[in-house]
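See structure below.
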Amino acid sequence: MKTGNIVSKLYDSKKISIYMKNIRVIDPVRSLDRVMDVQVSDGVFKLINDNQEIGVTSCIKELDCSGLWLIPGLVDMHVHLREPGEEYKETIETGSQAAVAGGVVAVAAMPNTTPPNDTETVTRFILDRAKACASCYVFPVAAITKGLNGQQLTDMGNLVEAGAIAFSDDGNPVMDSTLMRRALEYSKIFGVPIISHCEDKMLSADGVMNEGKVSYELGLRGIPRIAEQIMVSRDIALAKYTGARVHIAHVSTKESVDLIRKAKTEGLNVTAETTPHYFSLTEEKVYSYDARYKVNPPLRTQQDINVILEGLHDGTIDAIATDHAPHSFLEKDIEFDFAAFGMIGLETSLAVSLELTRKGILSPAELIAKMSTNPAKILNIPFGFLENNGYASFAVIDPEEEWVVNNDDFYSKGVNCPFEGQVLKGRVKFTVINGRVVFAREEYSWLAK
Ligand code: DOR
């Protein structure tokens, strides 16, 4: 049973009115992390400073929010919504519902749909569908190459005009370095980033998991870590050569972290993301032969996790995204070798990532920066901060609430949650976009009435 309500869609939900007492407000942009009061009156968000005259109207419900956090709505810069074409796996409607249930107010939708988002028609279709049925903002990422087949560039100018905010062939690398160079040169003209799926296909070949001790033991074909390293290295070199912006997607190895750190010390235009599964799960999970642990790039080793955590801590890795990649039983409840790559993550990402604050790797504000402010900056979209005296987009969370992950409870149609059965700590209570309640857990559903 779902333990929340999608209160309503983005454009037609009710503006929230509430006075939240003693809530911990975390806003990386104004370096704010303090317990205070917040008033939201008919959608207008107001931080209440000490001794401030507030003029609470008697009709606003007052709520003691001790123990809860108020954070800018999260921005997930890497999700697969599967629409158009694979609506049996996910739709813009269900994927965006999963997003708001996870505290996410804006997602960047990857182009490996059917057909792929390689024309303005598909970009516009995604935006139209989002307007009609999404619970959060959906920003289309268009393909770098036509058909995602690495042969010919898409019409990048027209795609940007139609609404694409970045380019990626995610799911596939751009193997041809000249094509990648040209894509970077064009992206510079249009002021949008290239999001690179770093994988040398010749090296990864038919691999299904990380190459190493576990793959040898299990007799499964391995994907060597160097398949990622070589492409991260190439794309950093191309970023340097062209002066364009490269964003490295789903960093999974220590070598990638080292390369990105060095690029940043040289002042290159390189940013990077990792995902919760790359800092919380290792290749040992594959001993189960459970295809929920099949993902590309593959789960690596504890040593990789340690270096990824260092990279998060020292700022080498700018963002935490999910790479939410929903699949159905048809693609996942089969032999490991034949199963599709991918894991869902929108409804678990915040809880898994909050663990980083408990381990002292990130402060709460640093975590929120990586899950909200930084991805918004990389994509150049107006999110990741709390709009004081305006229509803010935010989430209220209980960082201490424990819950057992049950894939059946999710809004996502994907069946491939790698944290199934685990107890996680941290839960979204309600999510507000532009002053409107879009999601509320059952106990807060009165907010929309
Ligand atoms: O595991 C993955 N699944 N990695 C990708 O890069 C693509 C994604 C998908 O679309 O299923």
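Only heavy atoms go into these numbers, but all of them, side chains included; no hydrogens, no water, no symmetry mates. Whatever order the structure lists them in is the order used to number ligands and atoms, beginning at 1. We count residues from 1, following the sequence as given.
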Could you check whether His80 and His324 have their ring centres less than 6.0 Å apart?
no
Is it the case that the ring center of Tyr186 lies less than 6.0 angstrom away from the ring center of Phe167?
no
For the residue pair His197 and His250, categorise the inter-ring angle as parallel (less than 30°), tilted (30 to 60°) or perpendicular (more than 60°).
perpendicular
Any His277 side-chain heavy atom under 4.5 Å of Phe279 side chain
no
Check: Arg292/Asn416 side-chain N/O donor and acceptor closer than 3.5 Å
no
Under a 3.5 Å cutoff, is there a donor and acceptor pairing between the side chains of Thr123 and Glu120?
no
What residues come within 4.0 Å of ligand 1, counting heavy atoms only?
His80, Arg82, Asn112, Asp170, Gly171, His197, His250, Val295, Asn296, Asp323, Ala325, His327, Phe341, Gly342
